[in-house]
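Model, not experiment: these values are computed from the prediction. These numbers come from the heavy atoms of this one structure, side chains and all, not from hydrogens, waters or symmetry mates.
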Amino acid sequence: MKDMRFDNIVSLFYFTRVIRQTIKSSVQGYECWIDNQGKPCGDNYSGSYFVFMKNGSKVKMYPWFGISYGEIEPTISIEFSQQRSKIDFTVYVGQGDGDYFAAPYEEENSLIFELKQDVLSDFLTSILDKQKEILKGFFEEVIRKVGGNQ
């Protein structure tokens, strides 16, 4: 597999494949799996819906993990729609940055955790193994942040 660069369709294919592999990887204390409901890709976004729940809990979350692009600079994010994930956005909005994510914000009835700009810059210039490590770290940090409050 090649390093991911967002200037051609082949890289977008690899990116989505790595996202799905990241979701399927284990996060200690949580169950995570691909959710084939919804439209995970469109004209200006590509990714995957997934389900996660804390071990021993019956509360399931249904976020989307992927990249948005087009007229804006690419952003990698994990998004929780109010409709699919019944969580209190006020618990997260306005809180500070994590190691990987910028302060979460609400937009169009979704809670959005974006990969911080400096981490994204590192991602875009890294080799594939480092890119996978960044995506995994970001994924785990968001799962633990949201899952810790469920």
Original post:
Hey, does Ile67 have a side-chain heavy atom less than 4.5 Å from the side chain of Ile19?
Top reply: no
Original post:
Donor-acceptor pair, Glu79 side chain versus Ser110 backbone, under 3.5 Å?
Top reply: no
Original post:
Glu73 versus Leu120: any side-chain heavy-atom pair under 4.5 Å?
Top reply: no
Subject >> Pairing residues for Ser48 by the side-chain hydrogen bond (donor to acceptor under 3.5 Å, both in side chains) criterion, not counting sequence neighbours >> reply: Arg20
**OP:** Quick one: list whatever passes salt bridge (Lys or Arg N to Asp or Glu O under 4.0 Å) with Glu106, sequence neighbours left out.
**Re:** none
Subject >> Pairwise side-chain contact, Leu128 with Tyr14, heavy-atom cut-off 4.5 Å (strictly under) >> reply: no
**OP:** Look at the side-chain heavy atoms of Ile, Leu, Val, Met, Phe, Trp and Tyr, link any pair under 4.5 Å apart, and say whether Phe52 and Phe101 land in one connected group.
**Re:** yes
Original post:
Who passes side-chain hydrogen bond (donor to acceptor under 3.5 Å, both in side chains) against Ser85, sequence neighbours left out?
Top reply: none
**OP:** Could you grab the distance from atom CD of Gln95 to atom NZ of Lys145, nearest 0.5 Å is fine?
**Re:** 3.5 Å
Subject >> Where Leu12 and Ser46 come nearest, the two heavy atoms and their spacing >> reply: CD1-CB, 3.7 Å
Original post:
Excluding sequence neighbours, so at least two apart, what forms ring-ring contact (aromatic ring centres under 6.0 Å, His included) with Phe65?
Top reply: Phe138, Phe139
Subject >> Heavy-atom check, side chain of Phe50 versus side chain of Ile143, under 4.5 Å >> reply: yes
Subject >> ILVMFWY network linking Val91 to Phe89, side-chain heavy atoms under 4.5 angstrom >> reply: yes
Original post:
Excluding sequence neighbours, so at least two apart, what forms side-chain hydrogen bond (donor to acceptor under 3.5 Å, both in side chains) with Ser81?
Top reply: none
Original post:
Would you find a donor on one side and an acceptor on the other, under 3.5 Å apart, between the side chain of Gln131 and the backbone of Phe123?
Top reply: yes
Original post:
Got a sec, which pairs hit side-chain hydrogen bond (donor to acceptor under 3.5 Å, both in side chains) with one end in residues 112-122, sequence neighbours left out?
Top reply: Tyr105-Glu114, Asp122-Ser126
Subject >> From Leu111 atom CG to Met61 atom CE, the distance as rounded to the nearest 0.5 Å >> reply: 10.5 Å
Original post:
Do the non-hydrogen side-chain atoms of Leu115 and Ile134 ever get within less than 4.5 Å of each other?
Top reply: yes
Subject >> Leu135 side, atom CG; Tyr100 side, atom OH - distance, nearest 0.5 Å >> reply: 10.0 Å
Original post:
Do Ile112 and Tyr62 belong to the same hydrophobic cluster, where Ile, Leu, Val, Met, Phe, Trp and Tyr are linked whenever their side-chain heavy atoms lie under 4.5 Å apart, directly or via other members?
Top reply: no
**OP:** Side-chain contact test, heavy atoms from C-beta onward, threshold under 4.5 Å: evaluate it for Ile76 versus Val119 and give yes or no.
**Re:** no
Subject >> CG on Asn55 to CE on Met53, rounded to 0.5 Å >> reply: 8.0 Å
**OP:** Check whether more than 12 heavy atoms from other residues, nucleotides or ligands sit under 6.0 Å from atom CG of Asp43, and answer yes or no.
**Re:** no
Original post:
Quick one: hydrophobic cluster around Trp64, which other residues, with the 4.5 Å side-chain cut-off, linked directly or via members?
Top reply: Tyr45, Tyr49
**OP:** Measure the shortest side-chain to side-chain distance between Phe113 and Glu141 over non-hydrogen atoms and say whether it is less than 4.5 angstrom.
**Re:** no
Solution key, residues 22-33 side-chain donor-acceptor pairs under 3.5 Å, sequence neighbours excluded:
from: Thr22; atom 1: OG1; to: Val18; atom 2: O; distance (Å): 2.8
from: Ser25; atom 1: OG; to: Thr22; atom 2: O; distance (Å): 2.5
from: Ser25; atom 1: OG; to: Lys136; atom 2: NZ; distance (Å): 2.7

**OP:** Please tell me if the side chains of Asn109 and Gln83 come closer than 4.5 Å, counting only heavy atoms from C-beta onward.
**Re:** no
